[in-house]
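So that the names make sense, note that chain A is the first sequence line, chain B the second, and so on, each numbered from 1. In what follows, every heavy atom counts, from backbone to side chain, and hydrogens, waters and symmetry copies are set aside. What you see is a predicted model; the values in this text were computed from it and never measured.
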Amino acid sequence: MPELPEVETVRLGIEPLAGVPIERARVARRDVVRDRAGKRHGAIEPAMLLAHDAIARTRRHGKQLALVGTSGVCVLVHLGMSGQLLVLDRGGRVAGGHAHVSWTLRDGRRLVFRDPRRFGGVWLLPDEDALDARWATLGPDAMRVTGAMLEASLARSRRAVKAGLLDQRALAGVGNIYADEALFDAGIDPHRACETLGGEEWDRLAVGIVGVLGDGLRRGGATLRDYRRPDGSAGQGARGHRVYGRAGLACLRCGQELARSEVAQRSTVRCARCQPALSG
DNA sequence: CGTGGCCCCTGTGGGC
DNA sequence: TGCCCACAGGGGCCAC
């Protein structure tokens with residue numbers, strides 16, 4: 001569930017840990033930790049997990065979050081579907097288990113990566129060049145996308161436009177929720193092939209993407225299912241959803257019943273009147 | 001290469 | 001009341 005606004009909210013929650021020395025790092029489940037090549041089960045060097053280091057700063061691209069150590073070592077975190085990064089006070093405990101990686105700071109606080117479904121994970125990268133190389137395979141960050149960028153990466157594709165938005169190599173940060181929201185905002189049918197969109201539509205879509213992501217961020221991320229902010233509280237984002245999770249309910253713009261369908265094996269909700277299919 | 005489909009995994013909630 | 005199962009979905013991988 002975490003998409004860009006949720007990941008950015010997590011990043012902002014982690015930022016106050018910058019500069020605090022990390023006493024030790026502990027891995028409870030080795031298979032959620034991977035090396036640069038994506039291999040699991042490798043010997044895990046404590047320094048690669050920022051032990052005896054400190055977070056110098058945090059970075060984000062799309063849905064990916066990185067802790068950059070003062071040594072230059074980078075810990076890349078994917079939250080996947082159910083991943084959380086929790087900041088616990090001294091003596092604080094993780095409810096519900098599934099705490100796979102834990103960093104103990106000198107001031108007694110702990111940073112914990114928890115992920116019940118393990119679609120997420122932690123990647124250990126030796127330096128920021130490796131991080132940049134990895135992120136270079138992703139599309140532009142959705143928070144700053146423009147119509148021209150979308151057009152450049154998707155306009156020649158025959159895929160459904162929603163499938164294009166979900167492809168992280170084309171656009172980084174949009175998932176199922178905000179794809180539906182942005183397409184509704186732009187008045188574009190999720191099923192339409194990318195190649196049928198015109199320049200003005202790509203512009204509208206970019207405005208919609210930036211708008212719905214900004215709204216989500218201002219609410220502190222969506223509050224559906226597993227997502228929690230680093231302090232454990234739920235976000236408020238679901239209140240702002242206009243189509244996601246509202247199949248069968250009335251369109252908030254025109255009153256028409258919202259329709260459920262499927263695009264790229266993902267549940268999709270749209271208003272057939274506000275997001276018309278191409279006629280003819 | 002582009003694209004669609006399957007699968008990984010666990011918690012939840014709806015239906016019976 | 002309790003059990004079962006469909007569903008939730010990001011992304012890796014594979015087949016065509």
Novice: Between atom CG in A:D167 and atom P in B:dT3, what is the gap in whole Å?
Specialist: 9 Å
Novice: For the residue pair A:L278 and A:R192, establish whether any side-chain heavy-atom pair is separated by less than 4.5 Å.
Specialist: yes
Novice: Given atom CD of A:E262 and atom P of C:dC7, what is their separation to the nearest angstrom?
Specialist: 9 Å
Novice: Going by side chain to side chain donor-acceptor pair (under 3.5 Å), A:D141 matches just one of A:H61, A:K63, A:R60. Which one?
Specialist: A:R60
Novice: Check each residue of residues 154-165 of chain A for a non-hydrogen atom within less than 4.0 Å of any atom in DNA chain B, then write out the ones that pass by number, or none.
Specialist: A:S157, A:R158, A:R159
Novice: For each nucleotide in nucleotides 11-16 of chain C, reading 5' to 3', give B when a protein heavy atom comes within less than 4.0 Å of its base, S when such contact involves only the sugar-phosphate, and - otherwise.
Specialist: B-----
Novice: Parallel, tilted or perpendicular: which one describes the rings of A:W123 and A:H78, with boundaries at 30° and 60°?
Specialist: tilted
Novice: For A:R260, answer base if it contacts any base atom (sugar-phosphate contacts may also be present), sugar-phosphate if it contacts only those atoms, and nothing otherwise; contact means non-hydrogen atoms under 4.0 Å.
Specialist: sugar-phosphate
Novice: Starting at the 5' end of DNA chain B, which residue's closest nucleotide do you reach first, A:G96 or A:R169?
Specialist: A:R169
Novice: List, by chain and then residue number, the residues other than A:V243 in its hydrophobic cluster (Ile/Leu/Val/Met/Phe/Trp/Tyr, side-chain heavy atoms under 4.5 Å); write none if there are no others.
Specialist: A:F184, A:L258, A:V269
Novice: Once rounded to the nearest 0.5 Å, what's the spacing between atom CD of A:E151 and atom SG of A:C194?
Specialist: 11.0 Å
Novice: Rounded to whole angstroms, how far apart are CZ on A:R118 and P on B:dC7?
Specialist: 18 Å
Novice: Side chain to side chain donor-acceptor pair (under 3.5 Å) with A:T268: which of A:H191, A:E262, A:K162?
Specialist: A:K162
Novice: List the steps, then state whether side chain to side chain contact (heavy atoms under 4.5 Å, CB included) holds for A:R159 with A:D167.
Specialist: CA-CA 10 Å; A:R159 281 181 295 180; A:D167 182 350; 2.9 Å; yes
Novice: Write down the distance between CZ (A:R117) and C1' (C:dA8), rounded to a whole number of angstrom.
Specialist: 6 Å
Novice: Please determine if a side-chain N or O atom of A:H98 lies less than 4.0 Å away from the OP1 or OP2 oxygen of B:dC9.
Specialist: no
Novice: Between A:D115 and A:R29 (salt bridge meaning N to carboxylate O under 4.0 Å), is one present in this structure?
Specialist: no
Novice: Output yes when at least one side-chain N/O atom of A:Y244 is less than 4.0 Å from OP1 or OP2 of C:dG9, else no.
Specialist: yes
Novice: For the pair made of CG in A:L4 and C1' in C:dG9, what is the distance, rounded to whole Å?
Specialist: 17 Å
Novice: Can you find a pair of side-chain heavy atoms, one from A:I55 and one from A:I22, that are under 4.5 Å apart?
Specialist: yes
